[in-house]
Amino acid sequence: MEISIDTAIKLVLLETGRTNTELLPIRRKLSFHSIYLELIKSDTTKTVASNLGLSDDIIEKITSRTLYPLFPEKPKGIKWSAWLLSLIDYKKCQTCSRLLSRVEHYGSSSITWDKYAYRCKECKALDRKNFTINNPLYNSNTYALHKSEYVARAVKYNTQRSKATPPWANTKVLKAIYDNAEEDHVDHIIPLQGESVCGLHVETNLQYLSPLENIRKSNKFIPDWDAKI
Ligand SMILES: [Zn+2]
């Protein structure tokens, strides 16, 4: 089921035992309704501050003094929008941006924090269909024609991968990620042989990508050091 942002806020307020008009103890002009609404709508706390006409410092105080104590179980690094929606078992699809029920619309994932895929099943299926239409030669015939090239590339890749695997890597978890990939590619978020940085072969550096996304990404990595959550 898909829900509107208004319904999502109502459900979050209900789930957290707040009323529509209840005000934040730290900022009496601001209601829980407005802060939840902005947090779910926006991807960064900077946008939340600007939409509410508040300074970054005030938003920082609101999250650290009011919201974090309310949700001590929220994993660090998880966006507030994702966390609030998870409380009502919903998730925003990273591709189509719809707010969809996690159980109905998302496949499972062993590498996301909530164990649900980052995009909905419909978007995943559409991406796969578009890939097949745009890449009609991407099949076993292509492999047969270029077998020696593929084998040489695989040997080179395996060597790079073993060099990038630290002694403390959890090989069981790494194997499970590859076993659960189905038709997706297992991608190194920071490539093992990137242009500017080289990543490690560890589970925190892995993500699933569809064949189309994998081709789009290639070996590029754009560091997002300033990303705010
Ligand atoms: Zn979607």
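Whatever order the structure lists them in is the order used to number ligands and atoms, beginning at 1. Computed from a prediction, not measured in an experiment: that's the story for all the values here.
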Check which protein N, O or S atoms are less than 2.8 Å from the Zn ion (ligand 1) and report how many there are. 4

Tell me every residue that passes side chain to side chain contact (heavy atoms under 4.5 Å, CB included) with Asp57, counting only those two or more places apart in sequence or in another chain. Ser55

Begin from the C-alpha positions of Trp113 and Tyr118 and carry the test ring-ring contact (aromatic ring centres under 6.0 Å, His included) through to its verdict. CA-CA 10 Å; Trp113 72 280; Tyr118 61 91; over 10 Å; no

With distance as the sole test, does Thr63 use its side chain to make a donor-acceptor pair with the main-chain N or O of Leu67 at under 3.5 Å? no

Is there a donor-acceptor contact under 3.5 Å from the side chain of Tyr106 to the main chain of Lys91? yes

Quick note, side chain to side chain donor-acceptor pair (under 3.5 Å) partners involving residues 154-168, not counting sequence neighbours, are Tyr157-His188, Arg161-Tyr178

Contacts of Ser64 meeting side chain to side chain contact (heavy atoms under 4.5 Å, CB included) (sequence neighbours excluded), chain-then-number -> Glu60

